[in-house]
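Each chain gets a letter, A, B and so on, in the order its sequence line appears, and its residues count up from 1. Because the structure is a prediction, the values reported are computed rather than measured.
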Amino acid sequence: MATLLIPTALRAFAGGQPELDLDGSTAGEVIAALALKHPEIKEHLYEESGKLRSFINVYVGDENVKKLQGLDTPVKESDSVMLVPAIAGGRKWD
Amino acid sequence: MIALSKEDLEKIRRHAEAEYPYECCGLLLGKASVNSHEVHEAEPVPNTFEDGQRKRRFEISPDEFFRAEMKARRSGKELLGFYHSHPDCPEDASEYDRLHALPVYSYLIVSVEKGVSAGIKSWVLKSDRSVFEQEEVREI
C-alpha cells in the first residue's frame, strides 16, 4: 500500500482524485492497481504491449525510479508515488 | 479561458526575449475552475532539450515538474499548465506541440520576432488528443 499522487492532467481519468491509496509492494504494482481501479486511465499510461509509456516518469518519495530499481522499486505504506509526465514541445520546423 | 496578471504576462514576454533565439519555458501555477484557469504565478524554468535544438524545441525536466507539483500541492494550488516561446514563428501550437501535450493543461505560447515578443495565444488539447483548441487569454 502507498499513496499515489496524480497530476492534474491525469485526474480526469482517475475519478478526479488528486491522490489515491493503492495496494502494491512496488511502484509498478501501485500504478497497475490504479489502472485496475480506473481502466479509463490505462491507455494514457501504458503502450499496447503493456509497457509504461516512455513519457511517464515515476517518482517514489523525491527520487525518479530510473535512479532506483525502476518499476520494481519497493514501496512502503508511508511512501508516496507520483506519476510525472514529460513536458515538451516546440515551434514548426521548416 | 486562462487569466493572468499584467505582471505575469510581462514576465513571460521578458523571459521569451531574454532566451531568444532559443525557446524559453515555464510553469503556470494557480487555481482551476470549470473551463477556466487563474494563474497566480508564472515561474521560468530551464529548457533542458538537448543542445543544438533549443531554437525549435523545449523540454521541462521531470525533476522540475515534480518540484512544481509538490510546491502546488503544499500551497493549495494546482499546476495549471506551461508556457513556451516560438522564436521567429507564430504563436500557434505546432504538430510537435500537439504530439507531446496532455489534455487539461493550458499551453501558453508567445511568439518572438527578431528578439521582440509579439502575439500570445493559449491552447488546450482535446481529451481525445485529436486537436488543440484555442482558449481566451485574459489579463487581470
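- Under the 4.5 Å side-chain heavy-atom criterion for ILVMFWY residues, a single connected hydrophobic cluster contains both B:Ile60 and A:Val58.
- Closest of all the heavy-atom pairs between B:Pro103 and A:Ala9 is O-CB, 3.2 Å.
- Applying a 4.5 Å heavy-atom cutoff, the residues of residues 4-32 of chain B that approach chain A are B:Glu23.
- Options A:Asp62, A:Ile87, A:Asn57 differ in how many heavy-atom pairs under 4.5 Å they form with chain B, and the most are formed by A:Ile87.
- In terms of heavy-atom pairs under 4.5 Å with chain A, the best-connected choice from B:Pro87, B:Gly81, B:Ala101 is B:Pro87.
- Two different hydrophobic clusters hold B:Leu108 and B:Phe49 under the rule that ILVMFWY side chains link at heavy-atom gaps under 4.5 Å.
- Judged as a side-chain hydrogen bond (donor to acceptor under 3.5 Å, both in side chains), and not counting sequence neighbours, the contacts of B:Ser33 are B:Ser36.
- Residue contact with chain B, scored on non-hydrogen atoms closer than 4.5 Å, involves the side chain of A:Lys67 exclusively.
- Other residues, nucleotides and ligands place no more than 12 heavy atoms under 6.0 Å from the CG atom of B:Asn35.
- Of the listed residues (B:Tyr107, B:Phe82, B:Phe65, B:Phe58), the one with the most heavy-atom contacts under 4.5 Å to chain A is B:Phe58.
- No more than 12 heavy atoms of other residues, nucleotides or ligands shown are found within 6.0 angstrom of CD on A:Glu77.
- Under a 3.5 Å cut-off, the side chain of B:Arg57 and the backbone N or O of A:Arg91 do form a donor-acceptor pair.
- By the side chain to side chain contact (heavy atoms under 4.5 Å, CB included) test, A:Phe55 pairs with A:Arg53, A:Ala86, B:Leu102, sequence neighbours left out.
- In this structure, the side chain of B:Arg73 does not engage the main chain of A:Leu5 through any donor-acceptor pair within 3.5 Å.
- Atom NZ of B:Lys77 has more than 12 neighbouring heavy atoms from other residues, nucleotides or ligands inside a 6.0 Å radius.
- The side-chain hydrogen bond (donor to acceptor under 3.5 Å, both in side chains) check on A:Ser54 picks up nothing, with sequence neighbours excluded.
- Residues A:Arg11 and B:Glu78 are in side-chain contact: their nearest non-hydrogen atoms beyond the backbone lie under 4.5 Å apart.
- B:Ile109 and B:Val137 fall into different hydrophobic clusters, where Ile, Leu, Val, Met, Phe, Trp and Tyr are joined by side-chain heavy atoms under 4.5 Å apart, directly or via other members.
- Hydrophobic clustering places A:Val75 together with A:Val84 (ILVMFWY residues linked when any side-chain heavy atoms are closer than 4.5 Å, directly or through intermediates).
- Both B:Val110 and B:Val39 are part of a single hydrophobic cluster, where members link through side-chain heavy atoms under 4.5 Å apart.
- By number of non-hydrogen pairs under 4.5 angstrom with chain A, the leading residue of B:Phe66, B:Tyr105, B:Tyr96 is B:Phe66.
- At least one donor-acceptor pair under 3.5 Å links the side chain of A:Tyr59 to the backbone N or O of B:Asp63.
- For the set B:His100, B:Met70, B:His86, the entry with the most heavy-atom pairs within less than 4.5 Å of chain A is B:His86.
- The two atoms that bring A:Asn64 and B:Pro62 nearest to each other are ND2-CB, 4.3 Å, heavy atoms only.
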